Amino acid sequence: MDFWSRLLAHTPLSSASSRKDFAKDPARRLHRFEKEYSQLLHTWRHSSNLAHDDEAAEQIEIRLQELTSLLSDESRRPLPHPCISFSAAKQVYIPVAKIATSSYNEWIIKEAVLFFATLIESEEEAFVENDNFSGSLTNLLVRITGANSIRLSAEIEARIVELAFNITTKIRLNPEILPAWFKSQHHGPHDAKRVEDHDKFTGKTQKQDFPLFYLLMDYIHHEGKVGDFARTGLLYIIEAASSSVLLEQWIVESDLSTLMATGLGALYSQLSRKLVIDHPSNEVPPCLALSDYEHPKSNYEIVSSCSPEFLSHVDTFLSHLLFWQDVLNHCKSVEVKSTLLEHFQVIFLQQLLYPSLLESSDVDGGSSVAVLTYLRRILESVDHPDMINLILHYLLALPDVVSAMPADSGDIVSAARKRKSLDLATMMASKSEEAADPLLFNLVDLIRACLRSQNHQTVHVTLQLVSTILKRHHRYAVTTLLDTEGVLDESHHRTAGAQAQEIDYLMALAGTIGGDDNFNELYENLLRDTLGRVENHPCSTTLITPKTSTNNHQLPAVPDSLPSAPRSVRSHTLRPEDPLLNIMLDRFETFFTNPVETNLCLTEAVIDLAVCGFMHLEGWFLRSPQSYDFEDDEEDEDIPPPDPSLDPESQEYAEYIQMQHLKECRRRPKWNQASLPRLLKVLQLLCDQVEAYREQVPRFDDLLQQRREAFQIADHAPPIPTPSRARTPSSQTPTVAGTPSIEKGMFDEARNPSRERPSGLEVFAQRILSELGTPSRSGSPRGRKETRRVTSERVTPMNDITPLRTPIPNRSFSPTSVASAPAPTSWDTRGDIFNSQAKAFQAIDQSILARRIGIPEVKPPVEPVTLSYDRKPAVITADSAEDDGDGSRDSEEEGEGGGEDALLAPSEDGETDAGTVVEEKTVSVSHVLTNVVLLQSFLFEMASVVQVRAGLFDEVRYT
């Protein structure tokens, strides 16, 4: 048929050339467009039911494809565009919309959507401003996405939402086209007088007023580009409310805020109520792999944090939460923003988030772990100050501040918001059960209770939450989570001599642990990391930024708009009796038996407390200046007195006084253990316990150095180790040229294909231990030179202690066992001896690492006895001598094991004499080694914080 048509019309038979001619000639292109449109109408009108007429549906689909193709091709060509003009003049889009809505055919709907999208993209004939066009398109979109429509594929849904998004983009760029898509049933778009008479608005909004708005609302919870298009389009509409009073009032009284709040609550309710923190078997961090870490058990009720389904639910919830934040950032209407925040607090915070925190428990399998993790993720994701203020203000039970707004406002939009607030209050009051009040039990109470929990995962996630609040929202913690006091002057700052003394003390503590690493380089890297961390703290901006004029000072991008937001942070310090600090220090006392993840969070929380520029370290992190006590014999270095003829008002005399003050500030106070804060005392105790471990565990220093090297290999080495890995001279075993190395023998054993393949955790541990188990071991344990350390005396910072300038010497190795062995007859036999020794040493090391130990007992330091010569001589009688003798015998008995403490000391069977069973927690030596490395790193980090703060915030006094 097509052949005879071309022949009668005297057109060439080549399809390629005919299409080019049609495309170039506007008249012929229009003729073809009209012909396709006529055939489309003819097929539609002669078909009784397109849903059951497959042949007619196929023909209509083809005709729509041709029409869309012609319009798309024409829009890319120079003027004139007769097909687009014909579509506007004849209103081609009206029958196209009717055909698609009545077809119930997925392919026809797809082509109709593409047809409308092509007309909008043409940007001609003002389609988006035409009421008939907007009515046809909105009717099409509502019908094909309604409840009575057919199920559409994800691709077609994406095209529908993208089409709606394109319309909102046009509205955003040109707000004048808004009346074509938004038509209030109570106000005509051309009646200016009714704009002033807003009080007649009943507040009952209908979907017919703004169908495009509700279409996007239905898709904001979807994932992928469908949800992205819907959320962004809705943001554009909310942003356009600032230019339309009608739209602003309509949004306030619509159910936008209710739908958004209930949708967020629904996504939160989908999250698992019970959770365990876990890592994939092939992604266990090295610090956990080289400890007593065990994968927690999960089931159908208790979900693992690394399960794909759980991660998907969390990502969906957080994406919708970020959408809330985007809406508040784009919303320029104060009334719309206030309505959204009010529903966020009442529906989500009061009805869902806080009750879940209140009902959580670490006894029933991890509900506390779940809700605290969700709260932490919320606080980490949200940046909008008003949302943060609502969350923390309510959960921390901060006092409300009454706004100074007038009681009777004449603004119509404000009146609409008040009506909406009354409706919300009425809805909440209609509920029979009373809502819980944070005044009785707030977030601070929950945090303190969870930190005392026996469930280490609860402690772990609670410390993470504390760190998040301290790092990102410190001003909310100053008066609630922390017990602080204000600092008014610089007299609370430490002196220059005390600064150097305390850094030396921390470095000396780290030096007692020992090691062969380049600690100078390690400390320099820590200084750079700490500097960036302190500078990036939210409170550091006002302290580091130069003092400029108010006009040049850059204010925050989104200032707080709620009157109940806490004031800006001022200089303060932490009281030594702060409950949170003491709870964490209680956890520090069992540092070596704590889980590694708990210790990581403990050290992180302490550093987060110390990096705030407004938080002074004196009194809880360092010694208080009020406790400084200087020696009296330091007067011999006084500066010579000035010339008596100098005028006290002269410059020379002022310089003399300044030099005197500078010398006084450089003096080092006497080191008194009683004046140390509890944090430093606990760290000293932990270092003493390390010394006790060194005496109890064979080859403790060698195994500790192997553990450090294991962490370095895990961070830098490729996944599959190679036998030719370069080692430092201090960790090599002497070998004779031409003999197989011990390292090669270990790798041959590790790569034996006959062995059963272990799990991911075992693979990592065996790889590290097999590589480091022997080469750092000397030939004889007795032939090793000990590193510098303190055994019985506590560390006291002295003027000559410079642990960074004098690195700990490298270890030397004595091949005693190799020398004492029989002389080999050949190089091969000597290599076999080395391999056999390597296997034997490795087995010994593995047995040592697997040994279970507890917290060692550390003898308290012997306090000097103060002799008093002012006592009067006592008159000794027979009775007193007898009493003294009994007393001495009693004291001797107590010293040999008597007294109350001795009576409650556990016996060998684990029971005390009073019948109480004392369960001592034991861990493996491998677990202790990992925690020792972590402790040493923490000591270096503490010293770096003290040094960085002194230079960045001028915290050291020189006068």
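Computed from a predicted structure; not experimentally measured.
Salt bridge Glu502/Arg668: absent, no basic N to carboxylate O contact under 4.0 Å. A salt bridge is defined here as a Lys NZ or Arg NE, NH1 or NH2 lying under 4.0 Å from an Asp or Glu carboxylate O, and Arg533 with Asp608 meets this definition. Using a 4.0 Å cut-off between a side-chain N of Lys or Arg and a carboxylate O of Asp or Glu, Arg678 and Asp586 qualify as a salt bridge.
In this structure, the side chains of Ile855 and Glu589 stay at 4.5 Å or more apart for every pair of heavy atoms. Under the 4.5 Å side-chain criterion, counting only non-hydrogen atoms from C-beta, Arg452 is in contact with Ile583. Using a 4.5 Å heavy-atom threshold, the side chains of Phe588 and Leu685 count as separate. Side chains of Glu691 and Ile513 form no contact here, defined as non-hydrogen atoms less than 4.5 Å apart. For the pair Gln705 and Asp701, the minimum side-chain heavy-atom distance is 4.5 Å or more. Put simply, the side chain of Arg707 reaches to within 4.5 Å of the side chain of Leu290, judged on heavy atoms. Here the side chains of Ser305 and Val276 are not in contact, with every heavy-atom distance at 4.5 Å or above. Looking at Arg623 and Gln501, their side chains come closer than 4.5 Å, going by heavy atoms from C-beta outward.
Residue Leu609 holds its CG atom at 12.0 Å from NZ of Lys471, rounded to the nearest 0.5 Å. Here the CZ-CG distance, from Arg376 to Leu372, works out to 10.0 Å after rounding to the nearest 0.5 Å. In this structure, CG on Leu465 lies 12.0 Å from NE2 on His460, to the nearest 0.5 angstrom. The structure places CG of Leu580 at 10.5 Å from OG1 of Thr462, a figure rounded to the nearest 0.5 Å. Remark: Leu680 CG to Leu506 CG distance equals 6.0 Å, nearest 0.5 Å.
When all heavy atoms of Val611 and Arg949 are compared, the closest pair comes out as C-NH1, 3.8 Å. The shortest non-hydrogen separation linking Leu929 to Leu704 is O-CD1, 3.8 Å. For the residue pair Arg851 and Pro698, the shortest heavy atom distance occurs at NH1-CD, 3.4 Å.
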Go through the steps to decide whether Gln673 and Leu676 satisfy the test side-chain contact (heavy atoms from CB on, under 4.5 Å), and finish with yes or no.
CA-CA 5 Å; Gln673 291 291 132; Leu676 296 182; 3.6 Å; yes

Could you go through Glu597 and Tyr293, starting from their C-alpha distance and side-chain angles, then the distance that decides it, and tell me whether this counts as side-chain hydrogen bond (donor to acceptor under 3.5 Å, both in side chains)?
CA-CA 9 Å; Glu597 55 264 42; Tyr293 172 78; over 6 Å; no

Derivation and outcome, side-chain hydrogen bond (donor to acceptor under 3.5 Å, both in side chains), residues Glu941 and Tyr523
CA-CA 8 Å; Glu941 194 170 4; Tyr523 187 69; over 6 Å; no

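Taking the six-membered ring where the residue is Trp, the centroids of Phe938 and Phe591 are separated by 6.0 Å or more.
For the 3.5 Å distance criterion, the side chains of Ser944 and Thr530 qualify, holding a donor opposite an acceptor.
Using the six-membered ring where Trp is involved, Phe700 and Tyr693 have ring planes that are parallel, under 30° apart on the 30 and 60° scheme.
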